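Let me begin by presenting the structure, written as C-alpha cells, before commenting on it.
From a predicted model like this one, the values you see are computed outputs, not experimental measurements. By convention in this document, chain letters (A, B, ...) are assigned in the order of the sequence lines, proteins followed by strands, and residues within each chain are numbered from 1.
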Protein chains: 2
Amino acid sequence: MLKEERQQTILNEVELHNRILLTDIAETLDVSIDTVRRDVKELDAENKLRRVHGGAISLGFTTNSTRNSNIYKQKEKIKIAEKALELLKDGGVVFIDGGTTCLELAHLVPSNIRLTCFTHSLPVAMELLTKPNVTVITVGGQLSRESQTAIGANAIHNLAEIKVDFSFIGTGYVDSHYGLTEFDWDIVQVKKAVIKCSKKTVLLSISEKLNSQHRYKTCDINAINTIITELDPENDLLISFRNHDIRIL
Amino acid sequence: MLKEERQQTILNEVELHNRILLTDIAETLDVSIDTVRRDVKELDAENKLRRVHGGAISLGFTTNSTRNSNIYKQKEKIKIAEKALELLKDGGVVFIDGGTTCLELAHLVPSNIRLTCFTHSLPVAMELLTKPNVTVITVGGQLSRESQTAIGANAIHNLAEIKVDFSFIGTGYVDSHYGLTEFDWDIVQVKKAVIKCSKKTVLLSISEKLNSQHRYKTCDINAINTIITELDPENDLLISFRNHDIRIL
DNA sequence: GTATTTTGTGCTGTTTTTTGCAACTTTTAA
DNA sequence: TTAAAAGTTGCAAAAAACAGCACAAAATAC
C-alpha cells in the first residue's frame with residue numbers, strides 16, 4: 001500500500017467521524033502504530049487535520065471553533081448582537097472590541113452595509129473581512145494569547161490617534177454603582193483608550209454579569225451611553241441602570 | 001514496445017485503479033523498473049498523474065476530500081520554512097511577512113524557542129499565538145481582504161517605528177537582474193517599509209518564482225541578505241544569484 | 001554509405017525514504 | 001501518586017530513488 005493511499009484513508013476517516021484513534025487506524029490499515037503516528041504528524045504539518053494525544057481530529061472542529069463551538073450562553077449573545085446591529089449606520093465608523101459577544105456582532109454585520117471598522121481583536125478582524133463592504137482596520141500591538149487581541153502601550157498609543165462614532169465593547173464585570181471592572185489590568189488600560197476615542201460607547205453584556213465587580217476599574221457607568229443585554233429593556237434586573245442617563249436596549 | 005504505447009498503458013492503469021505500483025507495472029510490461037520510473041517521471045512532469053514514492057496515483061484521487069487547505073506547492077514551502085528555522089535564535093526579534101510560505105514558517109516555529117515576532121498578517125499572528133514562548137506583536141493598519149494583512153499608510157507608519165534582527169518576506173516575483181517585483185503597488189510600499197526596518201532581510205521563495213518579474217519594484221536584489229528556496233544551494237537555477245553578496249540556503 | 005549525434009534502455013553502486021522495533025520519556029486518568 | 005497509554009528518539013533493514021555509465025538503435029549530417 002502506498003503512503004499516499006494510507007494518508008488519504010486516514011483523512012477520509014477523520015472527515016467522516018470527526019475524530020480517530022491511532023490504534024484503530026493502525027489495526028484497520030494493518031500497519032504499525034508508528035507508521036500511523038508518522039502519517040498523522042505529516043498531515044498535521046500540512047494542515048490537513050489536527051493531531052491530538054491518542055489520535056487526530058478534523059479541522060472543521062477547530063478552525064472556526066472560536067465562533068462555532070460551544071460559546072457560553074451563545075443564544076443570549078446572538079440576541080445582544082442583533083440588537084446592536086440597529087446602531088450600525090451606512091457609512092459609519094465604529095470600533096469593535098474582542099470577546100465572544102462582540103464576535104457575534106461582527107458575524108452578524110450585514111454584508112450590504114458600508115462600514116469602517118476598527119478592532120484590536122484578531123478573530124473579529126477575520127470575521128469582518130468576509131463582509132465585502134466593510135473596511136477593516138486593525139489596531140496593532142502586543143497580542144494577548146488568551147484573548148487574541150492587541151494590548152499594551154502600543155495598542156493604546158494607536159487608539160489615541162483615532163476617533164469613531166460608536167465603540168462596541170464588552171466587559172468582565174459591570175455594576176450600576178462601581179461601573180465597569182476587570183480582572184486584568186492590561187485589558188482595563190485598553191478599554192479606557194477605546195472609550196476615550198469614541199463619541200458614543202455601547203456596552204454589550206449578558207445579564208449574568210450585571211451587578212458584579214472586580215479589582216480594576218475601566219470607567220464609571222456614566223461613561224457608557226448605551227447598554228445592551230439579552231433582556232427586555234423593562235426587565236427589573238436593569239432597574240438600577242435606569243436612573244442614569246443611559247439608553248437601554 | 002514503443003515508449004508512447006507503454007506510457008499510455010501506465011496512464012490507463014492509473015485511471016482504472018487510481019494508483020499503481022512501479023514494481024507491478026514493470027512486471028506486467030516486462031521492462032526494467034528504471035524504465036517505468038522514467039516514464040512515470042515524464043508523465044508527472046506533464047501533469048498526467050502524480051508520482052509518489054513507490055508508484056503513482058491518479059490526479060483526481062487526492063482532490064476528492066472536502067475542504068483540503070490545498071496550498072500550491074506546499075511541500076516545497078515546508079522545505080523552505082524548515083531551512084528558515086535555522087536562522088531563528090533564542091531571544092531574537094523578527095518580522096514575518098504574510099503569504100503561504102511565511103505561514104508555513106510560523107507554523108513550524110518550535111514551541112520551545114523564545115522569540116519576539118512582529119507581523120502584519122492575521123493568519124501568521126494567529127498561528128504564532130499557539131506558541132507559548134513567542135511574543136506576538138501585530139502591525140496595525142487597513143486590512144487587505146485578499147491577503148489578510150495590514151497595508152497602507154498606517155501600517156507603513158507603524159513599521160517605521162520598529163527595528164528587527166531578521167525579516168522573513170515573500171515576493172510575487174524575483175529576478176537576479178530586476179530584483180523583487182509585485183503586481184500590487186500597495187504591497188510594494190509595505191514590503192519596502194519592512195526591509196527598511198530590518199537589519200537583515202531573508203527572502204523565502206519557491207524556485208518557480210525565480211527569474212520572473214512584474215510591474216512594481218520592491219527592491220534591488222542586493223537589498224536581500226539571504227535567499228531560501230526549496231532547491232539545493234548549489235542548484236544551477238540559483239547561479240545568477242550567486243554573483244551578488246547574497247547567502248543562499 | 002559512413003560518421004556523428006541523439007534517444008532509449010538496462011545495469012551498478014550509492015543515497016534517500018520508509019517502516020518496524022526497542023528503550024526511554026511524557027501524558028493521562030484513576 | 002501511580003500505572004497504563006501514548007509519544008519520542010535512535011537504529012537498522014528493506015525498498016525505492018538517484019546518478020552515472022555503457023551499449024544499442026534510431027535519427028541526422030556530411
Worksheet item: Quick one: does A:Met126's side chain get under 4.5 Å of B:Pro123's, heavy atoms only?
Response: yes
Worksheet item: Between atom CZ in B:Arg51 and atom C1' in C:dT16, what is the gap in whole Å?
Response: 13 Å
Worksheet item: Nearest heavy-atom pair of A:Val31 and A:Val36: which atoms, and what distance?
Response: CG2-CG2, 3.7 Å
Worksheet item: Within the structure, does a side-chain N or O atom of B:Thr35 lie under 4.0 Å from either OP1 or OP2 of C:dG10?
Response: yes
Would you tabulate the nitrogen or oxygen pairs shorter than 3.5 Å linking the protein to nucleotides 24-30 of chain C?
none

Worksheet item: For the side chain of B:Arg6, counting heavy atoms from C-beta on, which of D:dT8, C:dT9, D:dA17 is nearest?
Response: C:dT9
Practice prompt. Quick one: do B:Asp44 and B:Arg50 satisfy salt bridge (charged side-chain N to carboxylate O under 4.0 Å, His left out)? Show the steps, please.
Written response: CA-CA 5 Å; B:Asp44 176 89; B:Arg50 199 156 78 78; over 6 Å; no
Fill in: Distance-only donor-acceptor check, side chains B:Thr149 and B:Ser121, under 3.5 Å
no
Discussion item. Rounded to whole Å, how long is the line connecting atom CZ of B:Arg37 with atom P of C:dT16?
Written reply: 15 Å
Item to complete: Calculate the interatomic distance between A:Asp44 atom CG and D:dA6 atom C1'; express it in whole Å.
Response: 16 Å
Worksheet item: Roughly, in whole Å, what's the span from CG in A:Leu22 to C1' in D:dG7?
Response: 10 Å
Worksheet item: Which residue lies toward the 5' end of DNA chain C, A:Met1 or B:Asp39, if each is placed at its nearest nucleotide?
Response: B:Asp39
Please enumerate all protein N or O atoms sitting under 3.5 Å from an N or O of nucleotides 12-14 of chain D, with distances to 0.1 Å.
none

Worksheet item: What residues, two or more places apart in sequence or in another chain, satisfy ring pair (Phe, Tyr, Trp, His ring centres under 6.0 Å) together with B:Phe118?
Response: none
Discussion item. Which residues pass the side-chain contact (heavy atoms from CB on, under 4.5 Å) test with B:Glu27, not counting sequence neighbours?
Written reply: none
Discussion item. I'd like to check the ring pair (Phe, Tyr, Trp, His ring centres under 6.0 Å) partners of A:Tyr173; sequence neighbours left out, ordered by chain and number.
Written reply: A:His214
Which protein N or O atoms sit under 3.5 Å from an N or O of nucleotides 21-23 of chain C?
from: C:dC21; atom 1: N4; to: A:Asp34; atom 2: OD2; distance (Å): 3.3

Worksheet entry | Integer-rounded Å distance: D:dA6 C1' and A:Ile25 CD1 | 16 Å
Response to the item:
Residues B:Ser205 and B:Val174: closest non-hydrogen pair is OG-CG1, 4.0 Å
Fill in: Spacing between A:Ile33 atom CD1 and D:dG7 atom P, to the nearest angstrom
7 Å
Worksheet entry | Atom of A:Cys102, atom of A:Gly170 and distance for their closest heavy-atom approach | SG-N, 4.1 Å
Item to complete: Determine the contact category for B:Val36: base if any of its heavy atoms lies under 4.0 Å from a base atom, sugar-phosphate if only primed atoms, P, OP1 or OP2 are that close, otherwise nothing.
Response: nothing
Worksheet item: So which heavy atom on B:Lys191 is nearest to which on B:Thr171, and how close?
Response: CE-CA, 4.4 Å
Practice prompt. Could you check how far NZ of A:Lys41 sits from P of C:dT19, rounded to whole Å?
Written response: 15 Å
Worksheet item: Hey, does A:Val40 reach any base, or is it just sugar-phosphate, or nothing, if we go heavy atoms under 4.0 Å?
Response: nothing
Fill in: Min side-chain heavy-atom separation B:Thr229-B:Leu204 under 4.5 Å
no
Worksheet item: Any side-chain heavy atom of A:Leu129 within less than 4.5 Å of one from B:Gln148?
Response: yes
Worksheet item: Given atom CD1 of B:Ile20 and atom C1' of D:dA16, what is their separation to the nearest angstrom?
Response: 14 Å
